[in-house]
Amino acid sequence: MPELPEVEIVKQSLVKKIKFEKIKKVIVRNRNLRFKIPRNFEKFLKNNIIKKISRFSKYIVFNLSNGSFFIIHLGMSGTIHLIKKNKYNKFTNTSFYSSSILPVKHNHVEIQFEGLKIVYNDPRRFGFFKIIKDKNELLKKFAHLGPEPFFRSFSLKYISRYFKNKKKNIKNFLLDQKFVSGIGNIYASEILFFCKIIPSREVMKLSTNECKKIIYFSKLVLKKAIKKGGSSIKNFKNTLGNEGLFQKEFKVYQRENLSCLEHKCNGKIKKRFISNRSTFFCDICQK
DNA sequence: AAGAGGCCCTGATAGC
DNA sequence: TGCTATCAGGGCCTCT
């Protein structure tokens, strides 16, 4: 599920529903996420008010009333579900994203507020929660991450300097969070299609104009995806509303052997593995 | 230093 | 039906 646009959608929903709410109770059913959830996690969060919810790259950041933070990363398969109490004071299922039905298995973390709770579900457990003591530690945690495509610092100067004498291909660079943060495997293929650059191109051979396109279309594709509510791949069945719509707009991702959607291009979309990740492109109009 | 590859984990699907 | 193999939207670590 989650690249920058999907995480942004989750964040926006969380802002609407739990900003300024007080944490009443925390239940951890499985501590073994990507990083082990520490023993003091529940106690640390309890009685704090969520003062602010923001996003950086693919991380959701919660400011707590005690001056500390906690961050959530959704990994490959993490989803956050909102459960509300009905008028009989019982919890009923609705959701923020991806599925309106709370799955039966893999509900690892539950954070309860007055009248509602959020449930973190993650079959593959590549996601994680982390307590961050203060602002300094937060900055340190994100220090290794490059700019988001939306940042001014993601400039022509920045990327030309970065690409100089580098032999790695452009697809790998778009996935490299040290270079640019927030792009994942779906949007990397999509962005390169718009740029008309083949994913295997060595970055040192990119022209100035192509670098400009990378900046422009990285912003454009992500913005459009956010507008459409993100992408919902492999939806759970019984999805009612709330799922993203951007997957309907994919030009290349998961379109192997289908016709290229570029105007007047007769190509068929190809699928190749680039450093073990599936990559989609048209080898006629992308060069 | 840069780049390639393995690994963490479960579930869905394809092929026999 | 039931097995096995492969693949899935991420990122960290190790090795060369």
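Per chain, numbering begins at 1; letters A, B, ... match sequence-line order.
The stretch residues 191-205 of chain A does not touch DNA chain B, since none of its heavy atoms comes less than 4.0 Å from the strand.
Between the P atom of dG10(C) and the CG atom of Leu74(A) lies a distance of 11 Å, rounded to the nearest Å. Rounded to whole Å, the distance from CG on Leu33(A) to C1' on dG11(C) is 15 Å. Taking atom CZ on Phe179(A) and atom P on dA1(B), their separation rounds to 20 Å, with Å as the unit. The interatomic distance linking Ile186(A) (CD1) with dG10(C) (C1') rounds to 12 Å, in whole Å. Summarising the geometry, the separation between CD on Glu6(A) and P on dA8(C) is reported as 16 Å, rounded to the nearest angstrom. In this structure, NZ of Lys164(A) is placed 17 Å from C1' of dA1(B), rounded to the nearest angstrom. The nearest whole Å value for the distance from the CZ atom in Phe250(A) to the P atom in dA8(C) is 13 Å. Remark: P of dG10(C) and CZ of Phe128(A) are 13 Å apart, rounded to the nearest angstrom.
Using a 4.0 Å heavy-atom criterion, one finds that Tyr59(A) contacts the sugar-phosphate atoms exclusively. Nucleic acid contact for Lys178(A): none, since no nucleic acid atom lies under 4.0 Å from a heavy atom of the residue.
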- prompt: Going 5' to 3' along nucleotides 3-9 of chain B, which nucleotides have protein heavy atoms under 4.0 Å from the base (write B), which only from the sugar-phosphate (write S), and which from neither (write -)?
  reply: SS-S-BB
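At a threshold of 4.0 Å, the pair Lys58(A)-Glu3(A) does not count as salt-bridged, since none of the basic side-chain nitrogens sits closer than that to a carboxylate oxygen. Ion pair Glu210(A)/Lys213(A) not flagged as a salt bridge, since none of the NZ, NE, NH1 or NH2 atoms sits closer than 4.0 Å to an Asp/Glu carboxylate oxygen.
Judged as a ring pair (Phe, Tyr, Trp, His ring centres under 6.0 Å), and not counting sequence neighbours, Phe150(A) has no contacts. Remark: Leu116(A) engages Lys17(A), Ile18(A), Glu21(A), Leu82(A), Lys84(A), Phe113(A) in a side chain to side chain contact (heavy atoms under 4.5 Å, CB included) (not counting sequence neighbours). Residues satisfying the ring pair (Phe, Tyr, Trp, His ring centres under 6.0 Å) criterion with Phe193(A), sequence neighbours excluded, are absent altogether.
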Under 3.5 Å, which donor-acceptor pairs do the side chains of residues 166-175 of chain A form with other protein atoms, sequence neighbours left out?
residue	atom	partner	partner atom	Å
Lys166(A)	NZ	Tyr162(A)	O	2.8
Asn169(A)	OD1	Lys171(A)	N	3.2
Asn169(A)	OD1	Asn172(A)	N	2.8
Lys171(A)	NZ	Asn185(A)	OD1	2.8
Lys171(A)	NZ	Thr279(A)	OG1	2.8
Asn172(A)	OD1	Ser275(A)	OG	2.7

Side-chain atoms of residues 214-226 of chain A: list all donor-acceptor pairs with protein atoms under 3.5 Å, sequence neighbours left out, distances to 0.1 Å.
residue	atom	partner	partner atom	Å
Ser218(A)	OG	Ile214(A)	O	2.5
Lys219(A)	NZ	Pro149(A)	O	3.0

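With P as the reference atom, dC9(B) and dC3(C) are 23 Å apart, rounded to whole Å.
Aromatic rings from Phe246(A) and Tyr253(A) are positioned such that their centres are separated by 6.0 Å or more.
In this model, the phosphate group of dG11(C) is approached by a side-chain N or O of His73(A) to a distance below 4.0 Å at OP1 or OP2. Proximity of Lys58(A) to the phosphate of dG10(C): a side-chain N or O atom is located under 4.0 Å from OP1 or OP2.
Contacts classified as salt bridge (Lys or Arg N to Asp or Glu O under 4.0 Å) and involving residues 25-38 of chain A (residues at least two apart or in different chains) are given here: Arg29(A)-Glu110(A), Arg31(A)-Glu42(A). Applying the ring-ring contact (aromatic ring centres under 6.0 Å, His included) test to every pair with at least one member in residues 4-46 of chain A, sequence neighbours left out, gives these pairs: Phe35(A)-Phe128(A), Phe41(A)-Phe129(A). Screening residues 269-282 of chain A for salt bridge (Lys or Arg N to Asp or Glu O under 4.0 Å) gives Lys270(A)-Asp283(A) as the qualifying pairs, with residues at least two apart or on separate chains.
The listed nucleotides are dG11(C), dC7(C), dC12(C); the one nearest the side chain of His144(A) is dC12(C). In the set dG10(C), dG11(B), dC12(C), the nucleotide with an atom closest to the side chain of Met76(A) is dG10(C).
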- line: Encoded 5' to 3' (Watson-Crick or G-U under 3.5 Å; [ ] crossing; | other strand), DNA chain C becomes .|||||||.|||||||
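Residue Ile198(A) is found in a hydrophobic cluster whose other members, listed by chain and number, are Phe281(A); membership requires side-chain heavy atoms under 4.5 Å apart, directly or through intermediates.
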